[in-house]
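A short write-up of the structure that comes next.
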Amino acid sequence: MTGIHSSEDARRIARRRLPWMVFDYIDGAAGREVGASRNRAALDEISLCPRILRDVSERDIGAQVFGTRTQAPFGISPMGMCNLSAPGADLMLARLAAREAVPLGVSTVASTPLERLIEVAEGNAWFQLYFSGDGSGTFKLMERAKSAGYQTLILTVDVPEVGRRPRELRHGFAMPFRIGPWQFLDFALHPRWSLNTLFKGRPEMANFQMPGYAFDRTESRAKADWDTLRALRDQWPGHLVVKGVLDPQDALDLKKAGVDAIQVSSHGSRQLDSTPPPIHALADIRQAVGADFPLFYDTGLCGGEDVVKAFKQGANFTFLGRILQFAIAAGGEDGLNALWQVLRDETSITLAQIGETALPAP
């Protein structure tokens with residue numbers, strides 16, 4: 001009923017329904033977007049060899065993450081301002097996380113307060129943290145997450161300065177929205193999204209709607225260093241994940257610094273156009289840190305075969321991003337659930353084709 005049979009279907013329908021400014025904010029990447037193309041090409045170059053005459057009638061696509069059993073081998077990446085895809089998108093993702101027992105990455109710049117999201121996700125939520133400015137607001141948010149019951153903190157380290165994404169800049173994208181003649185035309189030509197957003201309220205950066213919590217999306221994050229990491233490690237009692245790692249030596253240094261897991265990622269190539277394909281970096285980092293250290297992966301995953309490829313390269317778990325927003329834009333919560341089931345089916349079928357009954361361990 002949703003018309004979603006693949007992530008590309010979701011993207012195609014979302015492109016038609018979303019204002020140009022919003023679609024290009026979600027879809028765009030840094031610079032000339034060569035990095036995003038390189039990521040896709042690198043994933044496509046990895047082959048999976050079919051194996052035959054193996055009993056694969058019963059297959060398990062679940063995984064273990066910090067001692068918790070998940071129903072799927074992928075979770076939900078932290079994504080800022082998800083409610084741009086549709087009002088209530090954050091809560092749709094939280095309900096999905098609760099049902100599938102997978103981690104919901106709650107962005108620093110989520111459209112819904114972090115306390116509400118961990119409640120709706122029934123505890124299946126990790127808080128993602130940016131270090132900004134002098135860091136005072138960063139540590140306040142960390143304490144707030146701790147008070148809300150979060151057990152896992154994701155420190156994103158690959159945005160010392162916000163990358164230039166020409167597609168969104170051409171549309172004058174800013175938060176909050178600045179409505180000029182071009183934006184007015186854009187919204188008028190997409191009345192379904194515009195009226196829905198008007199009636200239900202424009203998205204805001206919900207974690208900063210109180211005194212003492214200011215956030216500037218373009219503020220420099222360049223002061224973060226290894227001392228910052230040590231201070232977070234000392235003050236955060238739960239699991240600490242560092243996201244945005246591509247260099248094996250950085251990975252080794254993080255392991256020595258006492259982080260609990262590393263998330264290999266290029267931020268969807270939204271920050272630096274020239275990054276190496278993260279799927280290649282994943283294999284190198286796995287070799288560097290050894291078989292037992294938890295490695296997570298995101299960037300460029302568009303289907304179940306991609307997920308299996310990431311596990312084959314050494315991932316313990318994967319995270320999905322913008323394709324979930326496209327599914328919501330295309331069909332609301334029904335669209336999200338439809339794409340999620342497609343991804344589950346694709347993963348399970350891929351395992352059968354290669355003669356395996358579970359995802360490979362590193």
Side-chain angles (χ1 to χ4, degrees), residues 2-11 39-40 42-52 54-66 68-77 79 92-93 95-105 124 126 261 263-265 268 277-279 282-283 286 294-328 330-331 333-362:
T2 63
I4 296 175
H5 304 284
S6 67
S7 63
E8 184 54 38
D9 285 340
R11 182 181 181 275
N39 294 342
R40 184 64 255 165
L43 279 162
D44 288 341
E45 286 171 2
I46 297 172
S47 61
L48 297 170
C49 184
R51 299 298 302 275
I52 63 170
R54 298 184 175 193
D55 184 352
V56 291
S57 56
E58 295 185 9
R59 300 180 298 279
D60 179 8
I61 64 166
Q64 290 279 343
V65 183
F66 293 143
T68 298
R69 180 70 179 172
T70 66
Q71 298 299 312
F74 34 77
I76 302 162
S77 285
M79 295 177 283
M92 297 176 198
L93 292 167
R95 287 189 287 269
L96 177 61
R99 187 182 76 233
E100 296 285 304
V102 298
L104 167 70
N124 295 289
W126 299 358
Q263 190 152 327
V264 178
S265 169
I279 196 67
L282 174 60
R286 171 54 72 197
L295 285 184
F296 308 145
Y297 179 85
D298 71 66
T299 299
L301 300 177
C302 293
E305 290 193 24
D306 288 347
V307 170
V308 174
K309 290 175 182 180
F311 274 79
K312 286 282 191 181
Q313 296 299 303
N316 297 104
F317 198 70
T318 62
F319 286 85
L320 307 175
R322 65 188 86 186
I323 62 173
L324 302 180
Q325 289 200 63
F326 290 145
I328 291 170
E333 195 155 7
D334 288 343
L336 174 63
N337 292 334
L339 179 60
W340 192 267
Q341 188 58 49
V342 165
L343 297 167
R344 286 179 57 90
D345 290 346
E346 288 177 346
T347 303
S348 181
I349 291 168
T350 301
L351 289 179
Q353 296 285 356
I354 63 175
E356 298 183 11
T357 58
L359 289 153

Between atom OG of Ser6 and atom CZ of Arg11, what is the distance when rounded to the nearest 0.5 Å?
11.5 Å
Do Leu282 and Ile279 come within less than 4.5 Å of each other through their side chains, counting heavy atoms only?
yes
Can you name the closest pair of heavy atoms from Ala330 and Ala10 and give their distance?
CB-O, 3.8 Å
Indicate yes or no for a side-chain donor-acceptor contact from Arg54 to the backbone of Thr357 under 3.5 Å, with no hydrogens or angles considered.
no
Which pairs of donor and acceptor atoms, one on a side chain in residues 307-314, lie under 3.5 Å apart (sequence neighbours left out)?
from	atom 1	to	atom 2	distance (Å)
Lys309	NZ	Leu43	O	2.8
Lys309	NZ	Ile46	O	3.0
Lys312	NZ	Glu356	OE2	2.7

Thr70 side chain to Ala63 backbone, donor-acceptor under 3.5 Å:
yes
Flag side-chain contact, heavy atom, 4.5 Å: Pro294 against Phe317
no
Enter the distance from Trp340:CH2 to Ile4:CD1 here, rounded to the nearest 0.5 Å.
14.0 Å
Gln64 CD to Asn316 CG distance, which is reported to the nearest 0.5 Å
11.0 Å
Audit row: Arg99, Asn124, side chain to side chain donor-acceptor pair (under 3.5 Å) steps and yes/no:
CA-CA 9 Å; Arg99 187 182 76 233; Asn124 295 289; over 6 Å; no
Where the side chain of Arg95 meets the backbone of Glu333, is there a donor-acceptor pair that is under 3.5 Å apart?
no
Exercise: identify the closest heavy-atom pair between Gln71 and Val102
N-CG1, 4.5 Å
Which distance, rounded to the nearest 0.5 Å, do you find between the CD1 of Ile328 and the CG of Leu96?
8.5 Å
Heavy-atom pair of closest approach, residues Gly303 and Glu346:
CA-OE1, 3.2 Å
Work out which heavy atom in Gln263 is nearest to a heavy atom in Ser77; give both atom names and the distance.
NE2-OG, 4.5 Å
Heavy-atom side-chain proximity of Ile323 to Leu343 below 4.5 angstrom:
yes
Atom OG1 in Thr299, atom CZ in Arg322: separation rounded to 0.5 Å?
8.5 Å
Atom CD of Glu100: over 12 foreign heavy atoms under 6.0 Å:
yes
Report the C-alpha distance between Gln341 and Asn337 in whole Å, list the side-chain angles of each, state the deciding distance to 0.1 Å, and finish with yes or no for side chain to side chain donor-acceptor pair (under 3.5 Å).
CA-CA 6 Å; Gln341 188 58 49; Asn337 292 334; over 6 Å; no
Heavy atoms only: give me the nearest Gly355-Val56 pair and the separation to one decimal.
C-CG1, 3.6 Å
Begin from the C-alpha positions of Leu351 and Ile61 and carry the test side chain to side chain contact (heavy atoms under 4.5 Å, CB included) through to its verdict.
CA-CA 9 Å; Leu351 289 179; Ile61 64 166; 4.0 Å; yes
State, to 0.1 Å, how close Pro278 and Ser265 come at their nearest heavy-atom pair, and which atoms those are.
CG-C, 4.3 Å
Short question: side chain of Thr318, backbone of Pro73 - any donor-acceptor pair under 3.5 Å?
yes
Working to the nearest 0.5 angstrom, can you tell me the gap between Asn39 CG and Asp44 CG?
11.0 Å
On the 0 to 90° scale, with breaks at 30° and 60°, tag the Phe296-Trp126 ring pair as parallel, tilted or perpendicular.
tilted
Can you tell if the side chain of Ser7 reaches within under 4.5 Å of the side chain of Phe326, non-hydrogen atoms only?
no
Option from Thr350, Thr347, Ile354 for which side-chain contact (heavy atoms from CB on, under 4.5 Å) with Glu305 holds:
Thr350
Is the backbone of Arg344 close enough, under 3.5 Å, to the side chain of Ser348 for a donor and an acceptor to pair up by distance?
no
